[in-house]
There are 2 protein chains.
Amino acid sequence: MPETPTRPRLTDVAAAAGVSKSAASKVLNDAPGTSVSEETRARIHEAARRLGYRPHGPARSLATGRTGAIALVLPPLSNPTHATIARGATRRALELGFMTLTAEDAGDEASRAGLEMVIDSGRIDGVIVGSASTDSDLPFLLTRKQLPYVLVNRSSPHGRANVVMDVAQSAREAVDFLVGLGHRRLGHIGGPTEYTPSVERIQAFRSRCRELRLPEPTITLQPFDEGGGARGLTDLRSALEPPTALFTSSFAQAVGVLGTAAQAGLRVPQDLSVLANDDYPMADYLVPTLSTVATPLAELGAAAVDALLAVFNGEETGDTVIPTAPQIIARGSTSAPGD
Amino acid sequence: MPETPTRPRLTDVAAAAGVSKSAASKVLNDAPGTSVSEETRARIHEAARRLGYRPHGPARSLATGRTGAIALVLPPLSNPTHATIARGATRRALELGFMTLTAEDAGDEASRAGLEMVIDSGRIDGVIVGSASTDSDLPFLLTRKQLPYVLVNRSSPHGRANVVMDVAQSAREAVDFLVGLGHRRLGHIGGPTEYTPSVERIQAFRSRCRELRLPEPTITLQPFDEGGGARGLTDLRSALEPPTALFTSSFAQAVGVLGTAAQAGLRVPQDLSVLANDDYPMADYLVPTLSTVATPLAELGAAAVDALLAVFNGEETGDTVIPTAPQIIARGSTSAPGD
DNA sequence: GTGAAAGCGCTAACAC
DNA sequence: GTGTTAGCGCTTTCAC
């Protein structure tokens, strides 16, 4: 049987089944309240299957005003945090019949252009924003364009729906874990404060230390990358009484800490325990192996999709906090102080 | 001034400029051979600007049969190799006025479903495939669907256009670099042979060793991840005469090697020099810092876009090999044998 | 139960 | 130089 040269249209299916286009359309979408005999229904499905019919997206979009696609606006996916969120979101979207379009937001001119292209294209129903700093104009832009959106791993008072993890809980567990090992002088390498989780993490870390009547923790603010971890370590060590254990706000920062510690002749964990936020397979292969707080990033992405769909339906869901508890994974970079 | 409640259409622009839809359309697309007075032209542009007009993608697609979007089918972007290719491709596509849609191909059922959704959606003009193993049916599928495609970082005799780097050159430079340090017994942790670059790398590595009259190198085949590196190291060390220096086919493998070496009490670089394929910022922070062969991955992605567009235009370009030379970046994980 | 027809926003062939 | 018109493939209202 020779290949069909052009993609089959609804008309072709209808013709093959001996019905009208509208009948075919209703049956294939099983539109509510459609009255078509079981037998015709079967004929239509069979014809569609045989011809390999797939509805043509643009045509359907034009007719319905909906596209079945959502955009993910995230910081560069070279950062595994965001890649994981993206994957979780894409998986969930797929389950619900939505395509995802990723627009990387590196904060530069080119990203911005790409982003506007996607937003203005008329090819998406809504946006999941994971890149917005607190002073980003993205929420306003989307509001002005009348595009539904949710924020993920960020929150904004302007956001119609923010989807977040219990960052404070992670920070508290981190403190408790390190204290459980016997540490009392703790340090934290926080992320930039224009990102809401950084602020929460810092506050929770500090207040948990107070609750436990520990000495005031040393805290430094740094970018999320390896270099930030490196500078953070230098910072913390120059404190009057340097911490014996520290918690980083990103995996990459922890890598930077391990590298810098090794170069400085600081032994981990004997001289310094290191606990990273977020867990990746690489943790098992770093030197020393890296203890982490595993966070439900994929679920976060999935929940963002659910929240966006709720917005589509006009539901006022408010904010979502992922219920999954963070999990400490103890490896070689943490121990009792002095060993 | 109150916001326009609904997105402006071409009709609105035409009305505002006092011309017909077709005039507006032609001017805004500056269609070839359009004769419209400079003055009307200006009026139309001005009206479009004022209203913030953006063509509606689906409508345009329906009318033209083209979408202005291309799909990127790549292995999970948690692998920085593919994330970098994706970024290069997206950047270039944007420059050329194309949107990109990323479909992760993790080789599982869910990815496959997502992929078919994208392919069948009618929302893309072509596909860049970077995930195909040699026995993948993806090329056939795309051919059957009549969707233009190119392979990137892979090659296939069936592919209409393969876009690759000079992997052999990287492998030769790796050998030369290690030999330059004084090593003679070399090892290589190759990637799975169902991926064409793995095969080329292995062959080039081996033949370069022969050219230099070195002892036959020890080669092991492993997955591209950290675990593959770990097992690869174990493998190589169990050789009759273990290599004093090795080249991995991925960055992650090298991380696995460093971790496993540390645990085995093997000193890098004194007991073993390690050179990784591909370079990432993290290399500066591993313990020890990791020597790498930097490869032009972003350019590879960009070139894939160019090649795909050539296919759109019916040009028979054949294969593309990125001209940028690989670059050795010597760090702490390589040294003369025995130090 | 089923089908005819209008129209989503745009482009392009053609008429004026 | 500029406007009219016929679709692109689909959904959906409404009449039969």
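The figures here come from the full heavy-atom set of this structure, side chains too, leaving out hydrogens, waters and symmetry mates. Every chain is numbered from 1, with letters handed out A, B, ... down the list of sequences.
Residue contacts shown for B/Pro55 are limited to sugar-phosphate atoms, with no base heavy atom under 4.0 Å away.
Checking D/dT12, D/dT11, C/dG1 against the side-chain heavy atoms of A/Arg66 singles out D/dT12 as nearest. Nearest nucleotide to the A/Ser25 side chain, out of D/dT12, C/dA12, C/dC8: D/dT12. With C/dA12, C/dG3, C/dG9 as the candidates, the nucleotide lying closest to the side chain of A/Val19 is C/dG3.
If you take CZ on B/Arg91 and CG on B/Leu94, they are separated by 8.0 Å, rounding to the nearest 0.5 Å.
Toward the 5′ end of DNA chain D lies the nearest nucleotide of B/Ser37, the other residue of the pair B/Ser61 and B/Ser37 mapping further downstream. Where A/Lys21 and B/Lys21 each meet DNA chain C at their nearest nucleotide, the meeting point lying more 5' is that of A/Lys21.
A sub-4.0 Å separation between OP1 or OP2 of D/dT12 and a side-chain N or O of A/Thr64 is absent. For C/dG9, the OP1/OP2 oxygens have a side-chain nitrogen or oxygen of B/Arg9 closer than 4.0 Å. Between B/Thr40 and D/dT2 there is a side-chain polar atom (N or O) within less than 4.0 angstrom of OP1 or OP2.
Side chain B/Lys26 to base D/dG3: a donor-acceptor pair is found below 3.5 Å.
A donor-acceptor pair shorter than 3.5 Å can be found between the side chains of A/Thr67 and A/Asp125.
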